[in-house]
Amino acid sequence: MSDELESDGPGNFVADKVREDLAQGKFGGRLRTRFPPEPNGYLHIGHAKAIVLNFGLAELDPAGRCNLRFDDTNPSAEEAEFAEAIERDLRWLGYEWGEHLYFASDYFEQLYDWAEDLIRRGLAYVDSQSGEQIREGRGDFHRPGVNSPFRERAPEESLGLLRRMRAGEFPEGAHVLRAKIDMQSKDLKKRDPIMYRILHTPHHRTGDAWHIYPIYDWAHGQSDAIEGITHSVCTLEFQNHRPLYEWYLEAIGIPEGERPQQVEFARLNVGFMITSKRKLAQLVEEKHVAGWDDPRMPTLAGMRRRGYTPESIRAFCERIGVAKRDGLVDVTLLEHALREHLNATSPRAMAVLDPIEVVIDNMPEDFEHVFSLPLDPTDETRGTREVPLTQRLYVERGDFMEDPPKKWWRLAPGREVRLRGACLVTVKRVEHGDDGEVTRLVCEWDPDSLGGSAPDGRKVRGTVHWVSAKHAVDAEVRLYDRLFSAEDPGAGDTDFLTQLNPDSLKVVSAKLEPWLGTREVEERVQFERVGYFCVDPESEPGALVFNRTIALRDSWAKLAKKKG
RNA sequence: UCCGGAGUCGUCCAAAGGUAGGACAGCGGACUUUGAAUCCGCGAAUGGUGGUUCAAUUCCUCCCUCCGGAACCA
């Protein structure tokens, strides 16, 4: 059944349309999509949805393909660094575009030729009004626009002006090229939209070759047409652009059956995350986070560093579906996809994040036993790691309670619990510091319980993780939590910065079992009973840094919380 | 108010002129050498009105609500 689902490909309205077009032989049976990021920021979870959609659609036909095209028409915001990061993140997510890497800037010359052609045909003109005048002349929702005094300028004059604009003879703002459509249109986008503006900013690819740059609407559809795109999939906010998209394609003479068609879908919003590039850039610039790849960022780079797997992100994108209604996806859906994949792939080991000392009183001081424990208890073929047991250990402070509530199965005075994989111990005495804080648990063990179960078959409900003090490896562990404390940061007129979660990062010094001390950058593991972690690139030999990707579900915490 | 979109469980997505389905979340239980995972079960929705029809959530009318649009941004 799942085979069937997969061979059918994604089931959503865009895929349905593509299948229908394919079946009807539209575009001569050709299928081509594109992912068109602007290189002015890093890719984030919202882009992942568009990527999975576009690359996924291309697979609906054996000959289908998805181009990567950088929409680099505004040099003032764009940088090569971003383009490189985007390619890196795309590959990490699992996509490949082969030789089909394009840049809108590669089409500048063609675009320019088309523009001159439009002028000659009376479909465009150079407007020499100020930005203020142009805005005023456009009217508003209730007021029709008025024609620019330059609207009837002779084509020859516009041509001359445009050439001089291109050559850099005018200051920015002196002139623009506008399409001559209809200043009375109810569709404000059609009130003589601007095609080119003068910009003397050097471009990251074309350098100072150009002094005019095309506006999105005058570049996007044309780029699609040049590349033979059949389905130009974009988000809802571009719906209002579609009539203009189509007008330009017709104006430059693309025959009807060959015009790419724009299809819009709802962008992704995830609870407790933001996907506004402007806001993400602000977080980075104002140093609310450590960078675009801060593990708390919803960027692919940040998620990668946090320990997300590409598989889990793709699975999430497939599960949320594609539709035209705006919404806010519950972050638990993302977390579920993450845990699901991590659970299936992460080796297990033990680490104590908030250590409290344990001494096993009736164990010889020089006792040492090495257990060979499975890295994956459900699959012994995945190997084992060696875990030493000695008289002095660390256990988690939170796993001990001096006066436990009902249903507490863990360490407490007189209570027998199991040290995971090792043996059974009972707390005999509790030592306190001056401030009353527990400093040490003195326990007794059952020497016949080596391995973790008692020969008499008595049941021991609680199991806790532990680390031999003598062999423990110290490491920094960064406990990440949601960056925002509000599900919809910035909603209403709230400033999203006031909703940053003050506890989104806690750094602790942990005690690791020896095997964990030999992990390498980007390796992912499960700290048993705690969560999934991965090794941060800032780790140094002998000074590992682990990032908490996500905690394990904790039904005890839930129970305890419910009972107050 | 003008133009363009959208309204289905708490959330996201699906279906359909004839018992509205899945996932996540929630709740309950089983199992457990991870209070994890796994398994089983439960509750939960078609914005409103009028109409067409044997039957409307689906088709039509009117209304309501929400989102986007007046950048020389994408």
Side-chain angles (χ1 to χ4, degrees), chain A residues 11-12 36-38 40 71-74 76-78 104 127 130-131 134-135 138-145 172-178 185-191 193-199 212-213 215-217 219-220 234-243 264 266 268-271 277-278 316 319-337 339-340 343-344 348 350 373 377-378 407-410 417-422 424 451-453 460-465 487 526-532 551-560:
Chain A
N12 61 62
E38 183 189 8
N40 68 345
D71 225 338
D72 55 351
T73 57
N74 185 355
S76 47
E78 297 152 7
D127 193 348
S130 67
I134 290 175
R135 206 171 312 123
R138 187 155 34 224
D140 60 30
F141 297 147
H142 310 289
R143 199 161 41 92
E172 294 185 5
H175 309 279
V176 291
L177 182 71
R178 300 179 75 177
S185 175
K186 288 193 169 183
D187 176 0
L188 306 221
K189 285 264 178 267
K190 283 200 176 161
R191 319 243 261 226
I194 287 165
M195 296 167 66
Y196 279 104
R197 77 285 212 188
I198 297 171
L199 241 34
I212 55 173
Y213 291 91
I215 291 297
Y216 169 85
D217 292 294
H220 200 87
C234 63
T235 46
L236 253 27
E237 64 266 33
F238 291 97
Q239 275 179 136
N240 298 309
H241 297 239
R242 195 183 339 130
E264 311 88 6
L268 171 65
N269 298 299
V270 184
K277 267 202 272 189
R278 198 206 97 231
F316 167 71
R319 262 174 235 184
I320 54 173
V322 180
K324 290 190 84 159
R325 60 185 113 128
D326 265 313
L328 181 64
V329 175
D330 198 320
V331 68
T332 60
L333 195 49
L334 209 210
E335 294 177 342
H336 173 80
R339 288 198 183 96
E340 184 176 54
N343 176 51
R348 269 61 167 173
M350 294 190 284
L373 301 181
T378 67
K407 291 203 175 166
W408 173 264
W409 311 338
R410 308 176 188 176
V417 303
R418 176 169 30 247
L419 296 182
R420 171 76 163 157
L424 302 176
S453 45
V460 173
R461 190 90 196 251
T463 299
V464 300
H465 56 282
E487 187 171 26
Q526 184 199 89
F527 290 176
E528 283 194 292
R529 304 209 315 128
V530 179
Y532 296 97
L552 249 30
R553 294 186 60 171
D554 188 347
S555 60
W556 165 254
K558 200 183 283 181
L559 218 193

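Proteins get letters first, then strands, A, B, ... in listed order; numbering begins at 1 in each. None of these values were measured; they are calculated from a predicted model.
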**Report entry** A/R325, nearest nucleotide to its side chain (from B/rA14, B/rA36, B/rU32)
**Finding:** B/rA14

Query raised in the report: What do the steps show when you test A/Q239 against A/K324 for side-chain contact (heavy atoms from CB on, under 4.5 Å), and what is the final call?
Result: CA-CA 11 Å; A/Q239 275 179 136; A/K324 290 190 84 159; 3.2 Å; yes

Query raised in the report: Reckon A/V329 touches a base, only the sugar-phosphate, or nothing at all at heavy-atom distances under 4.0 Å?
Result: sugar-phosphate

Query raised in the report: Taking any strand in view, what nucleotide pairs with B/rC2 in a Watson-Crick or G-U wobble way, both distances under 3.5 Å?
Result: B/rG69

Query - B/rA37 OP1/OP2 closer than 4.0 Å to side-chain N/O of A/R529 - result: no

Query raised in the report: In whole angstrom, what separates A/N12's CG from B/rC12's P?
Result: 17 Å

Report task. With the side chain of A/A323 defined as its heavy atoms from C-beta on, choose the nearest nucleotide among B/rA37, B/rC2, B/rC13. Result -> B/rC13

Query raised in the report: Rounding to the closest angstrom, what is the interatomic distance between B/rA44 and B/rG28 at atom C1'?
Result: 15 Å

Query raised in the report: Between A/H336 and B/rC24, is there a side-chain N or O to OP1/OP2 distance below 4.0 Å?
Result: yes

Requested in this report: Could you please name the option among B/rU34, B/rC72, B/rU11 that lies closest to any side-chain atom of A/L552?
Outcome: B/rU34

Requested in this report: Return the nearest nucleotide to the side chain of A/I134; candidates are B/rC72, B/rA74, B/rG5.
Outcome: B/rC72

Query raised in the report: NA contact type, A/S130, heavy-atom cut-off 4.0 Å: base, sugar-phosphate, or nothing?
Result: base

Query raised in the report: Base, sugar-phosphate, or nothing for A/R420, non-hydrogen atoms under 4.0 angstrom?
Result: base

Query raised in the report: Just checking A/R410: base, sugar-phosphate only, or nothing, at a heavy-atom cut-off of under 4.0 Å?
Result: base

Query raised in the report: Does the side-chain contact (heavy atoms from CB on, under 4.5 Å) test come out yes or no for A/Y532 and A/N343, once each step is laid out?
Result: CA-CA 8 Å; A/Y532 296 97; A/N343 176 51; 3.2 Å; yes

**Report entry** Length of the CD-C1' vector between A/E335 and B/rG26, whole Å
**Finding:** 15 Å

Requested in this report: Would you kindly give the CG-to-P distance between A/D187 and B/rG4, to the nearest whole Å?
Outcome: 9 Å

Report task. Round to a whole Å and report the spacing from CE of A/M350 to P of B/rA36. Result -> 18 Å

Requested in this report: Tell me, yes or no, whether the heavy-atom count around A/K407 atom NZ, taken from other residues, nucleotides or ligands under 6.0 Å, exceeds 12.
Outcome: no

Requested in this report: Check step by step if side-chain hydrogen bond (donor to acceptor under 3.5 Å, both in side chains) holds for A/S185 and A/D187.
Outcome: CA-CA 5 Å; A/S185 175; A/D187 176 0; 5.1 Å; no

Report task. Would you mind pulling out the nucleotide paired to B/rC59, Watson-Crick or G-U wobble, both distances under 3.5 Å? Result -> B/rG51

Query raised in the report: Nearest to the side chain of A/N240 - B/rA70, B/rG4, B/rG35?
Result: B/rG4

Query raised in the report: Would one find a side-chain N or O of A/R242 under 4.0 angstrom from OP1 or OP2 of B/rG4?
Result: no

Query raised in the report: Can a side chain N or O of A/R553 be found less than 4.0 Å away from OP1 or OP2 on B/rU34?
Result: no

Report task. Measure the distance from NZ on A/K407 to P on B/rG28 and round it to the nearest whole Å. Result -> 9 Å

Query - Whole-Å gap separating P (B/rG7) and CG (A/D326) - result: 11 Å

Requested in this report: Rounded to whole angstrom, note down the P distance from B/rU57 over to B/rA70.
Outcome: 38 Å

Query raised in the report: Counting any heavy atom closer than 4.0 Å, what does A/V322 reach on the DNA or RNA strands: base, sugar-phosphate only, or nothing?
Result: sugar-phosphate

Query raised in the report: What do the steps show when you test A/R529 against A/R420 for side-chain contact (heavy atoms from CB on, under 4.5 Å), and what is the final call?
Result: CA-CA 10 Å; A/R529 304 209 315 128; A/R420 171 76 163 157; over 6 Å; no

Query - Pairing nucleotide - B/rA44, Watson-Crick or G-U, each distance under 3.5 Å - result: none

Query raised in the report: Rounded to the Å, how far apart are A/D140 CG and B/rG68 C1'?
Result: 17 Å

Query raised in the report: Is the phosphate of B/rU32, meaning OP1 or OP2, less than 4.0 Å from a side-chain N or O of A/T463?
Result: no

Query raised in the report: Which is true for A/Y213 with a 4.0 Å heavy-atom rule: it touches a base, it touches only sugar-phosphate, or it touches nothing?
Result: nothing

Query raised in the report: Where the side chain of A/L333 is concerned, which of B/rC72, B/rA23, B/rG35 is the nearest nucleotide?
Result: B/rA23

Query - Span that lies between the C1' atom of B/rU61 and that of B/rG51, in whole angstrom - result: 7 Å

Query raised in the report: At under 4.0 Å between heavy atoms, what does A/T332 touch on the DNA or RNA strands: base, sugar-phosphate, or nothing?
Result: sugar-phosphate

Query raised in the report: Taking the side chain of A/N74 as its heavy atoms from C-beta onward, which of B/rC73, B/rA36, B/rG69 lies nearest to it?
Result: B/rC73

Query raised in the report: Does a nitrogen or oxygen in the side chain of A/R197 sit under 4.0 Å from OP1 or OP2 of B/rA74?
Result: yes

Query raised in the report: Is there a donor and acceptor pair closer than 3.5 Å between the side chain of A/D554 and the base of B/rG35?
Result: no

Query raised in the report: If you check every side-chain atom of A/W556, which of B/rG35, B/rA74, B/rG69 has the closest atom?
Result: B/rG35

Requested in this report: Mind checking A/L328 for me? I need base, sugar-phosphate or nothing, with any heavy atom below 4.0 Å counting as a touch.
Outcome: sugar-phosphate

Query raised in the report: Using a cut-off of 4.0 Å on non-hydrogen atoms, how would the nucleic acid contact of A/E528 be classed: base, sugar-phosphate, or nothing?
Result: base

Report task. Report which part of the nucleic acid A/R143 touches: base, sugar-phosphate, or nothing (heavy-atom distance under 4.0 Å, all strands). Result -> nothing

Report task. Determine the interatomic distance between P on B/rC54 and the same-named atom on B/rG43; round to the nearest Å. Result -> 34 Å

Query raised in the report: Which of these nucleotides, B/rA37, B/rA74, B/rC3, is closest to any side-chain atom of A/N343?
Result: B/rA37

Query raised in the report: Is any side-chain N or O of A/K558 closer than 4.0 Å to OP1 or OP2 of B/rG26?
Result: yes

Query raised in the report: Quantified in whole Å, what is the P atom distance between nucleotide B/rG5 and nucleotide B/rG22?
Result: 33 Å

Query - Pairwise P distance for B/rG21 and B/rA15, with rounding to whole Å - result: 14 Å

Query raised in the report: Applying a 3.5 Å limit to both distances, which nucleotide forms a Watson-Crick or G-U wobble pair with B/rA30?
Result: B/rU38

**Report entry** From B/rA36, B/rG68, B/rA70, nucleotide with atom closest to A/L188 side chain
**Finding:** B/rA70

Query - Watson-Crick or G-U counterpart of B/rC9, or none if no pair lies under 3.5 Å - result: none

Query raised in the report: For atom C1', what is the distance between B/rU8 and B/rA20, given to the nearest Å?
Result: 8 Å

Report summary line: Assign each of A/K324 and A/T73 the nucleotide of RNA chain B bearing its closest heavy atom; nearer the 5' end lies the nucleotide of A/K324

Query raised in the report: Under 4.0 angstrom, heavy atoms only, what part of the nucleic acid is A/H465 near: base, sugar-phosphate, or nothing?
Result: nothing

Query - Base-pairing mate for B/rU19 - Watson-Crick or G-U, with both contacts under 3.5 Å - result: none

Query raised in the report: Can you tell me how far P in B/rG47 sits from the matching atom in B/rC9, rounded to whole Å?
Result: 7 Å

Query raised in the report: Which part of the nucleic acid, if any, lies within reach of A/G327 when heavy atoms closer than 4.0 Å are counted: base, sugar-phosphate only, or nothing?
Result: sugar-phosphate

Report task. Round to a whole Å and report the spacing from NZ of A/K189 to C1' of B/rC72. Result -> 13 Å

Query - Residue mapping more 5' on RNA chain B - nearest nucleotide basis, A/G462 or A/H241 - result: A/G462

